[in-house]
Amino acid sequence: MAKELTTRAQDYSQWYNDLVIKGELADYSAVRGCMVIKPYGYALWENMRDVLDKMFKDTGHQNAYFPLFVPKSLFEAEEKNAEGFAKECAVVTHYRLIADPNNKGKLMVDPEAKLEEELIVRPTSEAIIWNTYKTWIQSYRDLPILVNQWANVVRWEMRTRLFLRTAEFLWQEGHTAHATSVEAIAETKQMLQVYADFVENWMAVPVIKGVKTANERFAGAEDTYCIEALMQDGKALQAGTSHFLGQNFAKAFDVKFSDQNNKQEYVWATSWGVSTRLIGGLVMTHSDDEGLVLPPRIAPIQVVIVPIFKGEEQKQVLDEKVGELVKSFKAAGIRVKYDNSDHARPGWKFAEYELKGVPIRIAIGARDLENQQVELARRDTKEKFSVAMEGLTQTVENLLVEIQANLFERAKNYRDEHITKADTWDEFLNILDNKTGFVLAHWDGTAETEDKIKELAKATIRCIPLDNPLENGKCILTGNASTQRVLFARAY
RNA sequence: CGGGAAGUAGCGCAGUCCGGUAGCGUACCUGGUUUGGGACCAGGUGGUCGCAGGUUCGAAUCCUGUCUUCCCGACCA
């Protein structure tokens, strides 16, 4: 029978969970806060990863891999970074289990096997990487170092949510080392642009690029740049960050180089990352009450073909005809699935692939063969229409491009309609409570005011948008002078 | 971590108050009829009732502890 989905209007959180689980992206596991990413969800991640990986390599980066564990003494070297992450670290204290003498068949931690020094399971890898870079860098000729790693990290979050905030998650983290501040800042901005390009052009999720306030900055960074997306419930999601780390880590780990004049200088650093959280953002940007809606460029299956037949004879005729179509699609680089399984009827398959967000469905039966046509259905608009078999591959290719563009356009319209200017505190609250979305408002630039607004309105400054227009105004809370509006929202 | 809810067959649930042979729907298996929007008939398979203790002649049910999940908060570089 039907897989019942909660609708967005009924319960947005439950709708999201239903989609992730029933759409077979991921599932809960026996481990607190950790999820199992299922094959369909992992295929989506692989597509995203492959595109990003190519973008990183095209901008001169190489992949490497660093250890999962960070010795506590290294972890604590950069004070702000350590302090920021300390309260959510998993810590390894022992290296052996033994049979429990008081509890048959059970194991216990061997008290004799305590580590000399605790190992921190990485919540991020700056420490272990900068400790390594120290041995890689002597001269300006060793710079820049442009390295990325694909890895898992662990952050012991209080409350977890599938993809959006899990205790363990997959991500990439770029860590670069430069001779000058100018070059490092350029790298930080370049990678922010790479993220924005990827998220907008491949995931069809519009983002606002900006810089974080001091309060929201990455622990140990001089500046944190970010891309912010807007979900369908009007809440913001930080989709990626790129940090200019200054010389903080170089100083903490004593990483110096000799410049052209043989003068010793500290190295300048950046780090940048996106994670499986992007999948959560993708789901909440495009999907609807019938299920997932995936953008064609990263969808694991772009086209599904469902045969409609009476009896084995008809099926064989269809198998043959569809075989040709599949071959032609694959030759054009289209990810296609032909579902001629006999255990489910067409109606069931239609619903199933809608739930899974497959962009295009093609139904083909005896009637279509006669008329030399197929029935095409778009997931994004739910439209169905008959098209000629002749030139079908081209038709599908064009439609995939159109769907991709439509999803972005739709999301962008929603996002743009939900950027509202507020000039008074009442207006500000009213927008957050009722219209929801981003609010552009004046802020006096102090951390105290920012904290107070967060406390009173549960909204944070998502970023100060890049190329933000200057405009004199009064802080929405204190009435103090302000030179620009900043972007507020309630956020995930 | 605070408040609330939940965990019984793959999934969704009833049974728990008031202890006495574990049930329903769906899925799955077999056979048949079907197939243009989640098919129908018939016959079957499948569960240490989250886990660990305790009370009792007897525990899904009562008691204690613990793990996991969801919702609302706090937290979220």
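Order of the sequence lines sets the chain letters (A, B, ...), proteins ahead of strands, with each chain counted from 1.
- A donor and an acceptor atom never sit less than 3.5 Å apart when one is taken from the side chain of A:Glu290 and the other from the base of B:G37.
- In this structure, A:Glu24 places its CD atom 13 Å from P of B:C11, rounding to the nearest Å.
- Atoms CZ (A:Arg490) and P (B:C76) sit 17 Å apart, rounded to a whole Å.
- The local environment of NZ in A:Lys235 is crowded, with over 12 non-hydrogen atoms from other residues, nucleotides or ligands closer than 6.0 Å.
- Sorted by residue number, the members of residues 378-390 of chain A with any non-hydrogen atom under 4.0 Å from RNA chain B read A:Lys384.
- For B:A39, the OP1/OP2 oxygens have a side-chain nitrogen or oxygen of A:Arg345 closer than 4.0 Å.
- Nucleotides B:C28 and B:G3, compared at atom P, are 43 Å apart to the nearest Å.
- Atom CE of A:Met35 is separated from atom C1' of B:C70 by 17 Å (rounded to the nearest Å).
- Across all strands shown, nothing is found opposite B:G58 as a Watson-Crick or G-U wobble partner with both distances under 3.5 Å.
- Checking A:Glu126 against A:Asn81 by side-chain atom types alone, no donor-acceptor pair falls below 3.5 Å.
- Applying the Watson-Crick and G-U wobble criteria (two distances, each under 3.5 Å), B:C70 pairs with B:G4.
- B:G43 sits 24 Å from B:G38 when the C1' atoms are compared, rounded to a whole Å.
- In this entry B:G19 has no Watson-Crick or G-U wobble partner, no candidate having both defining distances under 3.5 Å.
- In terms of the side chain to side chain donor-acceptor pair (under 3.5 Å) criterion, A:Tyr42 has no residue partners (sequence neighbours excluded).
- Atom CG of A:Leu5 and atom P of B:C11 are 17 Å apart (whole Å).
- A side chain to side chain contact (heavy atoms under 4.5 Å, CB included) with A:Met35 is found for one member of A:Leu25, A:Thr166, A:Val20 and no other, namely A:Thr166.
- One C1' atom belongs to B:G31, the other to B:G15, and the distance between them is 34 Å to the nearest Å.
- Projected onto RNA chain B by closest heavy-atom contact, A:Glu354 and A:Lys454 fall at different nucleotides, the more 5' of which corresponds to A:Glu354.
- Within 4.0 Å (heavy atoms only), A:Glu216 reaches no atom of the nucleic acid at all.
- No more than 12 heavy atoms of other residues, nucleotides or ligands lie within 6.0 Å of NZ in A:Lys72, so this atom counts as exposed by the packing criterion.
- Of all the residues in residues 303-311 of chain A, A:Ile308, A:Phe309, A:Lys310 reach under 4.0 Å from RNA chain B with at least one non-hydrogen atom.
- Rounded to a whole angstrom, the distance from the C1' atom of B:U34 to that of B:G23 is 31 Å.
- Around the NZ atom of A:Lys435, the shell of radius 6.0 Å holds more than 12 heavy atoms that belong to other residues, nucleotides or ligands.
- Residues passing the ring-ring contact (aromatic ring centres under 6.0 Å, His included) test with A:Tyr133, sequence neighbours excluded: A:Trp130, A:Trp136.
- Nucleic acid contact class of A:Ala491 (heavy atoms, under 4.0 Å, all strands): none.
- Considering only residues two or more places apart in sequence or on other chains, A:Thr393 meets the side chain to side chain donor-acceptor pair (under 3.5 Å) condition with A:Ser328.
- Of all nucleotides present, only B:C29 satisfies the Watson-Crick or G-U wobble test against B:G43, with each distance under 3.5 Å.
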Filtered N/O pairs between nucleotides 66-68 of chain B and protein, under 3.5 Å:
none

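- Atom name C1', nucleotides B:U26 and B:G47: the rounded distance is 16 Å, in whole Å.
- Between the CG atom of A:Leu318 and the P atom of B:G36 there is a distance of 13 Å, given to the nearest Å.
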Please tabulate, for the side chains in residues 274-287 of chain A, all donor-acceptor contacts under 3.5 angstrom to protein atoms that are two or more places apart in sequence or on a different chain.
from: A:Ser275; atom 1: OG; to: A:Arg277; atom 2: N; distance (Å): 3.0
from: A:Thr276; atom 1: OG1; to: A:Leu170; atom 2: O; distance (Å): 3.3
from: A:Arg277; atom 1: NE; to: A:Leu164; atom 2: O; distance (Å): 2.9
from: A:Arg277; atom 1: NH1; to: A:Gln238; atom 2: O; distance (Å): 3.2
from: A:Thr285; atom 1: OG1; to: A:Gly281; atom 2: O; distance (Å): 2.6
from: A:His286; atom 1: NE2; to: A:Met203; atom 2: O; distance (Å): 2.9
from: A:His286; atom 1: NE2; to: A:Ala204; atom 2: O; distance (Å): 3.2
from: A:Ser287; atom 1: OG; to: A:Val283; atom 2: O; distance (Å): 3.0
from: A:Ser287; atom 1: OG; to: A:Val293; atom 2: N; distance (Å): 3.2

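- Residue A:Arg361 is in base contact, counting any heavy-atom pair closer than 4.0 Å across all strands shown.
- Side chain of A:Arg367, nearest nucleotide from B:G36, B:U35, B:G37: B:G36.
- Taking the six-membered ring where tryptophan is involved, the planes of A:Phe218 and A:His243 are essentially parallel, since the angle between them stays under 30° and well short of 60°.
- The separation between A:Ile21 atom CD1 and B:U69 atom C1' is 9 Å, rounded to whole Å.
- For A:Asp233 and A:Tyr492, the side-chain atoms include at least one donor-acceptor pair closer than 3.5 Å.
- For B:U64, the paired base is B:A52 (Watson-Crick or G-U wobble, both distances below 3.5 Å).
- The distance between atom NZ of A:Lys22 and atom C1' of B:G10, rounded to the nearest whole Å, is 14 Å.
- Judged as a ring-ring contact (aromatic ring centres under 6.0 Å, His included), and not counting sequence neighbours, A:Trp156 has no contacts.
- Comparing B:U8 with B:G46, their C1' atoms are spaced 14 Å from each other, to the whole Å.
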Pick out the pairs of N or O atoms, protein on one side and nucleotides 71-74 of chain B on the other, that lie under 3.5 Å.
from: B:C71; atom 1: OP1; to: A:Asn17; atom 2: ND2; distance (Å): 3.3
from: B:C72; atom 1: OP2; to: A:Arg159; atom 2: NH2; distance (Å): 2.5
from: B:A74; atom 1: OP1; to: A:Lys458; atom 2: NZ; distance (Å): 2.6

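- Across B:C13 and B:C40, the matching C1' atoms stand 24 Å from one another, rounded to whole Å.
- For A:Asp451, the side chain to side chain contact (heavy atoms under 4.5 Å, CB included) partners two or more places apart in sequence, or in a different chain, are A:Asn215.
- Looking at residues two or more places apart in sequence or on another chain, you find no side chain to side chain donor-acceptor pair (under 3.5 Å) involving A:Asp342.
- Residue whose closest nucleotide on RNA chain B sits further toward the 5' end, between A:Ala344 and A:Ala219: A:Ala344.
- Within a 6.0 Å sphere centred on NZ of A:Lys382, heavy atoms belonging to other residues, nucleotides or ligands number more than 12.
- The separation between A:Gln314 atom CD and B:G36 atom C1' is 11 Å, rounded to whole Å.
- Nucleotide B:G12 has B:C24 as its partner under the Watson-Crick or G-U criteria, with both atom distances under 3.5 Å.
- A:Arg217 comes within 4.0 angstrom of sugar-phosphate atoms only, judged by non-hydrogen atoms across all strands, and of no base.
- Under the 6.0 Å distance and 45° angle rule, A:Lys356 counts as a cation-pi partner of A:Tyr40.
- Every residue meeting the side chain to side chain donor-acceptor pair (under 3.5 Å) condition with A:Gln190, not counting sequence neighbours, appears here in chain and number order: A:Glu187.
- On the C1' atoms, B:U61 is 23 Å away from B:G4, given to the nearest whole Å.
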